[in-house]
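Below: the structure, in structure tokens.
Computed from a predicted structure; not experimentally measured.
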Amino acid sequence: MSTPHNAAKSGEIAKTVLMPGDPLRAKFIAETYLENPVQFNTVRNMFGYTGTYKGHKVSVMGSGMGMPSIGIYSYELYKFYGVENIIRIGSAGAYTDKLNLFDIVLADSAWSESSFAKAQAGDENDVQYPSQSLNEKIEEAAKKINKPITKARIHSSDVFYHEDNVDGFNEFYTKHNCVCVEMESFALFHNAKVLGKNAACILTISDSLVTHEATTAEERQLSFNNMMEVALESAIML
């Protein structure tokens, strides 16, 4: 079968999908880490691949930027392709100087001002949660390969550019305990909850709103190896 956004046929996608935002990062992961990767989707250039990692079938697919985009792709993977686990692997901006560039953050919750959950299912909660069992596997995998991670609440924002008259990163950190910001996980966690599936989010700090340090676009695409290895080691434990 296929959907308007995914050309994959039944059985072409693994039960566990790693989901970066950037489709070119999905391509990089597939070509770098997976054995015998086969591309299953090119619709809208949202590349998806399935291969094996250490003998285990794993898929990787881009989600695009923002909650509406990951909301579509993750819902279809769960609902129509039998996917059980989605691990978002992305970049984030730090809200605290306790996080440095390339640090890995595992989301234990996602706060958002977004209306995604309310519009999708009448869910008015402003915090959505990942699957505890999946997070435990990720923590176990990170410990196994000696990759330190910070477990904390993240901010899933609908807005990349905020005006000065609204709350900024200091308020998001102090009012809501969010240590960093990205733009997708709130919707992913909500979809997983609605459909009885599993979701998690691992992020690499790509820039800091506190120190103004930043990685390049090429580094974000190619150099987040520690996060990718944690995700892949987690995937083969599921």
Side-chain angles (χ1 to χ4, degrees), residues 6 8-41 46-63 70 73-74 76-92 102-108 129-151 182 184-185 188-189 191-193 195-204 220-238:
N6 195 331
K9 298 180 177 63
S10 179
E12 291 185 337
I13 302 177
K15 295 294 184 182
T16 297
V17 177
L18 308 185
M19 184 161 268
D22 185 352
L24 291 179
R25 193 178 301 163
K27 181 176 186 289
F28 171 79
I29 295 168
E31 294 177 348
T32 303
Y33 292 100
L34 299 186
E35 301 152 358
N36 304 312
V38 176
Q39 190 169 31
F40 61 76
N41 191 58
M46 195 57 70
F47 304 141
Y49 305 83
T50 297
T52 58
Y53 180 74
K54 296 184 177 180
H56 296 262
K57 187 176 179 181
V58 178
S59 294
V60 56
M61 182 179 183
S63 71
I70 198 171
Y73 290 108
S74 63
E76 291 183 349
L77 290 172
Y78 286 139
K79 182 76 172 181
F80 304 118
Y81 288 101
V83 170
E84 294 295 327
N85 313 292
I86 296 178
I87 302 174
R88 166 162 155 67
I89 44 177
S91 57
F102 298 108
D103 280 358
I104 302 173
V105 176
L106 173 64
D108 65 14
Y129 295 91
S131 306
Q132 182 176 347
S133 60
L134 190 46
N135 267 17
E136 288 173 355
K137 292 295 185 184
I138 292 169
E139 290 182 275
E140 183 180 344
K143 185 176 180 179
K144 177 183 175 182
I145 62 175
N146 196 29
K147 305 294 185 185
I149 59 175
T150 297
K151 191 176 180 182
E182 51 88 75
E184 288 83 25
S185 295
L188 173 62
F189 295 169
N191 277 353
K193 179 176 70 175
L195 296 172
K197 304 287 187 170
N198 301 308
C201 171
I202 315 173
L203 301 167
T204 296
R220 288 194 293 273
Q221 181 178 322
L222 303 177
S223 300
F224 293 170
N225 295 325
N226 289 340
M227 173 181 65
M228 295 175 190
E229 290 172 13
V230 171
L232 286 162
E233 290 295 330
S234 305
I236 66 176
M237 297 168 65
L238 300 172

Does atom NZ of Lys27 have more than 12 heavy-atom neighbours, drawn from other residues, nucleotides or ligands, at distances under 6.0 Å? no
Distance (rounded to the nearest 0.5 Å) between Ile87 CD1 and Leu188 CG: 10.5 Å
Just so I know, are the side chains of Phe40 and Asn6 near enough to count as touching, which here means a heavy-atom distance under 4.5 Å? yes
Separation of Ile202 CD1 from Met19 CE (nearest 0.5 Å): 14.0 Å
Any side-chain heavy atom of Glu139 within less than 4.5 Å of one from Leu106? yes
Excluding sequence neighbours, so at least two apart, what forms side-chain contact (heavy atoms from CB on, under 4.5 Å) with Glu233? Tyr53, Lys54, Ala141, Lys144, Ile145, Ile236
Say you draw a straight line from CZ of Arg88 to OG of Ser63; how long is it, rounded to the nearest 0.5 Å? 6.0 Å
If you measure from CD1 on Ile104 to CD1 on Ile89, what distance do you get to the nearest 0.5 Å? 11.0 Å
Could you walk me through whether Val83 and Lys197 pass the side chain to side chain contact (heavy atoms under 4.5 Å, CB included) check? CA-CA 8 Å; Val83 170; Lys197 304 287 187 170; over 6 Å; no
What do the steps show when you test Leu203 against Phe224 for side chain to side chain contact (heavy atoms under 4.5 Å, CB included), and what is the final call? CA-CA 9 Å; Leu203 301 167; Phe224 293 170; over 6 Å; no
If we ignore hydrogens and angles and just use 3.5 Å, is the side chain of Asn41 paired with the main-chain N or O of Met46 as donor and acceptor? yes
Keeping the roles fixed (side chain from Ser59, backbone from Ala14), state whether a donor-acceptor pair exists under 3.5 Å. yes
N/O donor-acceptor pair under 3.5 Å between Asn135 side chain and Ala200 backbone: no
Between Val17 and Met61, the two heavy atoms sitting closest are CG1-N, 4.1 Å
Taking the side chain from Tyr49 and the backbone from Val58, do they hold a donor-acceptor pair closer than 3.5 Å? no
Verify the neighbour count for atom CD of Glu35: are there more than 12 heavy atoms of other residues, nucleotides or ligands below 6.0 Å? yes
Mind listing the closest non-hydrogen atom pair of Glu84 and Tyr78 along with its distance? O-CE2, 4.0 Å
For residues Phe47 and Leu24, determine if any side-chain heavy atom of one lies less than 4.5 Å from a side-chain heavy atom of the other. yes
Do side-chain atoms of Ser131 reach the backbone of Ala199 as a donor and acceptor pair under 3.5 angstrom? yes
Of Leu77, Leu238, Leu18, the one forming a side-chain contact (heavy atoms from CB on, under 4.5 Å) with Asn85 is Leu238
Using every non-hydrogen atom in the two residues, find where Ala8 and Tyr81 come nearest and quote the distance to one decimal. O-OH, 2.9 Å
For Lys143, enumerate each residue passing the salt bridge (charged side-chain N to carboxylate O under 4.0 Å, His left out) test, keeping only those at least two apart in sequence or located in another chain. none
Hey, does Phe102 have a side-chain heavy atom less than 4.5 Å from the side chain of Asn226? no
Distance in Å, Glu12 CD paired with Gln39 CD, rounded so as to fall on 0.5 Å steps: 11.0 Å
Could you tell me the separation between the CG atom of Asn225 and the CD1 atom of Ile29, rounded to the nearest 0.5 Å? 9.5 Å
Excluding sequence neighbours, so at least two apart, what forms side-chain hydrogen bond (donor to acceptor under 3.5 Å, both in side chains) with Glu229? none
Side-chain contact test, heavy atoms from C-beta onward, threshold under 4.5 Å: evaluate it for Leu232 versus Leu34 and give yes or no. yes
Does a donor on one side chain sit under 3.5 Å from an acceptor on the other, for Tyr73 and Asn191? no
Is the closest side-chain heavy-atom distance between Ile86 and Ile70 below 4.5 Å? no
